[in-house]
2 protein chains.
Amino acid sequence: MERETVIKKRDAVATRAAIRAAAHQRFLRESYDSVGLRDIAGDAGVDVALISRYFGGKEGLFRAVVVDEKDPDLFREPKTVAELPGFFAQLVVEDEDEERQHRMEMFIIMLRSASSAKAGEIIRDFVHRDVLGPLTELIGGDESELRANMLLAILMGIGVLRTIMMVDGFAGSEEEVAECTERFRCLFAAALTC
Amino acid sequence: MERETVIKKRDAVATRAAIRAAAHQRFLRESYDSVGLRDIAGDAGVDVALISRYFGGKEGLFRAVVVDEKDPDLFREPKTVAELPGFFAQLVVEDEDEERQHRMEMFIIMLRSASSAKAGEIIRDFVHRDVLGPLTELIGGDESELRANMLLAILMGIGVLRTIMMVDGFAGSEEEVAECTERFRCLFAAALTC
DNA sequence: GAATTAAATCAACACCTGTTGACTTAGCCG
DNA sequence: CGGCTAAGTCAACAGGTGTTGATTTAATTC
């Protein structure tokens, strides 16, 4: 959090970034329809009109958060099929790795607003092109599509249950985290082989 | 669909049911915030005012759809742990069984509106009390809570991917359905044992 | 220092939201 | 038939939505 009341330099790219950051946090916790542009503007310390001006409207802002915020290879990191279960398991358990955390946040944002008519279209395109596509290609083989779907389903299910349904009890104490990670790794592996 | 323009008898319980049915279909396809009361009223062929009058508001209508529509033991059917994987597998593959279909629809409705502030609270209570609670009790043992969470996560993940993200490719031809069911059964079993 | 241009603000718009009160109508009972 | 009650309709409300044009303010350039 920065102190913006002292001085506010007139920097277009900075306020654009501030708006996008505020939108990211809002969309992370509420759905597309729930969030109002005035909420986001208030968080960013900016007038509402700037949002429609800079992003061309609410839909454009959401697209900027979902699509433009990531680097293009964010979901293409694992290079071998053997790496996949461990990669997904690390994704669902919370740790300090900032990049992984950001990646999981993108999934939550998508899950939150997937039901909205306008946001849903953006999200579905993104999921097919940038997540399911590379994943299917990496897995390969006859049933690669089914396997990719199952992996993503587990990932999203855990995400839904944790952050949206607010169900905990996945990992409590310190050493339970490691055990829980191993169980998830095993589950993702089962989705690939069984 | 019935032809209601011909004659419309004045039946309070019938119109109440019509409103609830229309709301069910709307909430099945859009989120709580997306759906407007005027949409539901239009589908039911009723004036908007009747909704607030009969259900005490939008929130009450949603609660009536989610909570009151089911019979209480809808999610307590399986009696043994061994039955669980098959039960969940049958739940996710579409078939003609009307009761199973209705049960899965309830999950989708919950998934769609879980992110809304008002609807989310209703849903979280329901999930904990009527789904996760009985499931944990049935599984039993030290890690029963974790197991129940994993099962529900897979179920919801598949639901999200299919109906909200509109991802198909789970089952194509006729005999693929049976094979797909078996794979899901295997996956749910893995969540219990691995 | 004045002119110019971009950045930020203000105010208002048209529209849609859920909800409520007053009103009208249909159906039943005596 | 006349009265009565419940069922349904109509209109309007207060509040909120995203968006846009005109305006003001700050920073840069000549």
Side-chain angles (χ1 to χ4, degrees), chain A residues 2-23 26-27 30-66 113 115-122, chain B residues 2-23 26-27 30-66 113 115-122:
Chain A
E2 294 164 343
R3 186 156 301 266
E4 72 244 329
T5 53
V6 186
I7 42 164
K8 177 148 31 179
K9 296 189 298 182
R10 292 201 158 195
D11 189 346
V13 300
T15 52
R16 226 189 108 99
I19 292 172
R20 197 166 56 186
R26 281 281 178 179
F27 287 135
E30 294 170 64
S31 75
Y32 179 84
D33 300 300
S34 302
V35 176
L37 290 188
R38 283 168 178 82
D39 301 330
I40 299 175
D43 291 354
V46 180
D47 194 272
V48 207
L50 283 186
I51 298 182
S52 290
R53 188 136 311 166
Y54 281 163
F55 295 91
K58 189 180 186 180
E59 207 172 326
L61 173 62
F62 186 77
R63 194 188 313 272
V65 169
V66 172
S113 300
S115 293
S116 173
K118 298 170 188 172
E121 209 169 326
I122 301 171
Chain B
E2 296 164 345
R3 186 155 301 265
E4 70 245 328
T5 53
V6 186
I7 41 165
K8 176 149 30 178
K9 297 190 295 182
R10 290 201 161 196
D11 189 345
V13 300
T15 53
R16 226 189 107 99
I19 292 172
R20 198 167 53 185
R26 281 280 177 177
F27 287 135
E30 293 171 64
S31 74
Y32 179 84
D33 300 301
S34 302
V35 176
L37 290 189
R38 283 169 176 82
D39 301 331
I40 299 176
D43 291 355
V46 180
D47 193 273
V48 207
L50 282 187
I51 298 183
S52 291
R53 189 138 309 167
Y54 281 164
F55 295 91
K58 189 180 186 181
E59 206 172 327
L61 173 62
F62 187 78
R63 195 189 311 271
V65 170
V66 173
S113 299
S115 293
S116 174
K118 297 170 188 173
E121 208 168 329
I122 301 171

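Proteins get letters first, then strands, A, B, ... in listed order; numbering begins at 1 in each.
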Heteroatom pairs (N/O) under 3.5 angstrom, protein to nucleotides 16-20 of chain C:
residue : atom : partner : partner atom : Å
C:dG18  : OP1  : B:Val35 : O            : 3.4
C:dG18  : OP1  : B:Lys58 : NZ           : 2.9
C:dG18  : OP2  : B:Leu37 : N            : 2.9
C:dG18  : N7   : B:Arg38 : NH1          : 2.8
C:dG18  : O6   : B:Arg38 : NH2          : 3.1
C:dT19  : OP2  : B:Ser52 : OG           : 3.3
C:dT19  : OP2  : B:Lys58 : N            : 2.9

[X] has an atom [atom1]; how far is it from atom [atom2] of [N], in whole Å?
X       : N     : atom1 : atom2 : result
A:Tyr54 : C:dA6 : OH    : C1'   : 8 Å
A:Ile19 : C:dA8 : CD1   : P     : 8 Å
A:Arg10 : C:dT5 : CZ    : P     : 16 Å
A:Arg16 : C:dA8 : CZ    : P     : 12 Å

>> Parallel, tilted or perpendicular, judged at 30° and 60°: which one describes the rings of A:Phe27 and A:Tyr32?
In response: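 Plane angle under 30°, so parallel.
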
> Contact class for B:Phe55 (heavy atom, under 4.0 Å): base, sugar-phosphate, or nothing?
Replying inline: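 The answer is nothing, as B:Phe55 stays clear of every strand by at least 4.0 Å.
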
> Partners of A:Arg26 by side-chain contact (heavy atoms from CB on, under 4.5 Å), sequence neighbours excluded?
Replying inline: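 Partners of A:Arg26 by the side-chain contact (heavy atoms from CB on, under 4.5 Å) criterion, ordered by chain and then number, come out as A:Glu30, A:Val35, A:Asp39, A:Ile40, A:Asp43.
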
>> Is the phosphate of C:dA7 approached by A:Thr15 (side-chain N or O, under 4.0 Å from OP1 or OP2)?
In response: no

> Shortest non-hydrogen contact from B:Ser52 to B:Leu37?
Replying inline: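 Closest pair (atom of B:Ser52, atom of B:Leu37, distance): OG-CD1, 4.3 Å.
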
>> For B:Ile122 versus B:Phe62, what's the shortest heavy-atom pair and its separation?
In response: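 Residues B:Ile122 and B:Phe62, closest heavy atoms: CD1-CD2, 4.1 Å.
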
>> Donor-acceptor check, side chain of B:Ser31 to backbone of B:Ser34, threshold 3.5 angstrom: yes or no?
In response: yes

> Is a side-chain donor or acceptor of A:Arg16 paired with a backbone partner of A:Tyr54 at a separation under 3.5 angstrom?
Replying inline: yes

